[in-house]
Amino acid sequence: MLLQAAILLTALLFGGMVLYAFGFASFLFSALPADAAGPLLRRAFPHFYVFVIVCALVGSALTATIDLASTIILGLIAVTALLARQILMPAINGATDRGNRSRFGILHTGSVLVTLAHIVGSSVVILRLSA
């Protein structure tokens, strides 16, 4: 039962990240003008990161007695999501507020890479637990 719960929770994490990164964010910019989509996305990101942190922490706890590598991967996802929420996101917002496009580009690329790493990491955990 613990294994199935860990797989389902990690699948929820994976699906939520994919939907947010490739669905919600791109939908906002296609459906709304950039001056409306940007602030809305800014308000949504803290909630997205809380979702990632909570799912990854609970998943890490669920896998603690099942698979050490999965526990570590999910723990790293939680820690890096916390860092992204508390450090990277405010830096991105600050660069946007100051109109510093170069700094925004670098930080945003970093944010995208972190999210892609989280997606890959969660997929590795799903595959490990499903094997």
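FYI, the numbering just counts along the sequence from 1.
- Residues Leu88 and Leu83 have side chains not in contact (no heavy-atom distance under 4.5 Å, counting atoms from C-beta outward).
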Please list every donor-acceptor pair under 3.5 Å in which a side-chain atom of residues 26-34 meets a protein atom from a residue at least two apart or in another chain.
residue, atom, partner, partner atom, Å
Ser26, OG, Phe22, O, 2.8
Ser26, OG, Gly23, O, 3.2
Ser30, OG, Ser26, O, 3.4
Ser30, OG, Phe27, O, 2.9

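- Partners of Val54 under the side chain to side chain contact (heavy atoms under 4.5 Å, CB included) rule, at least two apart in sequence or in another chain, are Val50, Val58.
- The backbone N or O of Ser111 sits less than 3.5 Å from a side-chain atom of Thr115, completing a donor-acceptor pair.
- Across every non-hydrogen atom of Thr10 and Ser122, the tightest pair is CG2-O, 3.5 Å.
- One finds the CD1 atom of Ile7 at 5.5 Å from the CG atom of Leu129 (value rounded to the nearest 0.5 Å).
- A ring pair (Phe, Tyr, Trp, His ring centres under 6.0 Å) check over residues 55-82, counting only residues at least two apart or in different chains, returns nothing.
- Evaluation of the side chain to side chain contact (heavy atoms under 4.5 Å, CB included) rule for Thr80 yields His118 as partners, not counting sequence neighbours.
- Linking Ile, Leu, Val, Met, Phe, Trp and Tyr whenever their side-chain heavy atoms come within less than 4.5 Å leaves Leu3 and Leu127 in two separate clusters.
- Every residue was checked against the side-chain hydrogen bond (donor to acceptor under 3.5 Å, both in side chains) condition with Arg101, not counting sequence neighbours, and none meets it.
- Taking both residues in full, the closest heavy atoms of Ala84 and Pro90 are given as O-CD, 4.3 Å, listed atom of the first, atom of the second, then distance.
- The hydrophobic clustering, which links ILVMFWY residues whose side-chain heavy atoms are closer than 4.5 Å, places Leu57 and Leu82 together.
- When hydrophobic residues (I, L, V, M, F, W, Y) are linked wherever their side-chain heavy atoms come within less than 4.5 Å, the members clustered with Ile72 are Leu68, Leu76.
- Considering only heavy atoms from C-beta on, Arg42 stays 4.5 Å or farther from Met89 through its side chain.
- Cluster partners of Leu8 are absent, since no Ile, Leu, Val, Met, Phe, Trp or Tyr has side-chain heavy atoms less than 4.5 Å from it.
- Remark: Ser102 pairs with Asn100, Ile106 by the side chain to side chain contact (heavy atoms under 4.5 Å, CB included) rule, at least two apart or across chains.
- A pairwise comparison of heavy atoms in Ala95 and Leu107 identifies CB-CD1, 4.4 Å as the closest pair.
- Across Ile73 and Gly121, no two heavy atoms sit closer than the pair CG2-O, 3.5 Å.
- Asp35 is linked by a side-chain hydrogen bond (donor to acceptor under 3.5 Å, both in side chains) to nothing, counting only residues two or more places apart in sequence or in another chain.
- Sorted by first and then second residue, the side chain to side chain donor-acceptor pair (under 3.5 Å) pairs with a member in residues 66-76 read Thr63-Thr71, Asp67-Ser70, Asp67-Arg128; sequence neighbours excluded.
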Which pairs of donor and acceptor atoms, one on a side chain in residues 12-20, lie under 3.5 Å apart (sequence neighbours left out)?
residue, atom, partner, partner atom, Å
Tyr20, OH, Phe45, N, 3.4

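- Minimum interatomic distance between Leu9 and Gly59 (heavy atoms only, all atoms of both residues): CD2-N, 3.2 Å.
- Within the 3.5 Å criterion, the main-chain N or O of Tyr49 finds no donor-acceptor partner in the side chain of Arg85.
- Looking at every heavy atom in both residues, Ser123 comes nearest to Val120 through OG-O, 2.7 Å.
- Using a 4.5 Å heavy-atom cutoff, the side chains of Leu74 and Ile77 are in contact.
- Screening residues 50-106 for ring pair (Phe, Tyr, Trp, His ring centres under 6.0 Å) gives Phe104-His108 as the qualifying pairs, with residues at least two apart or on separate chains.
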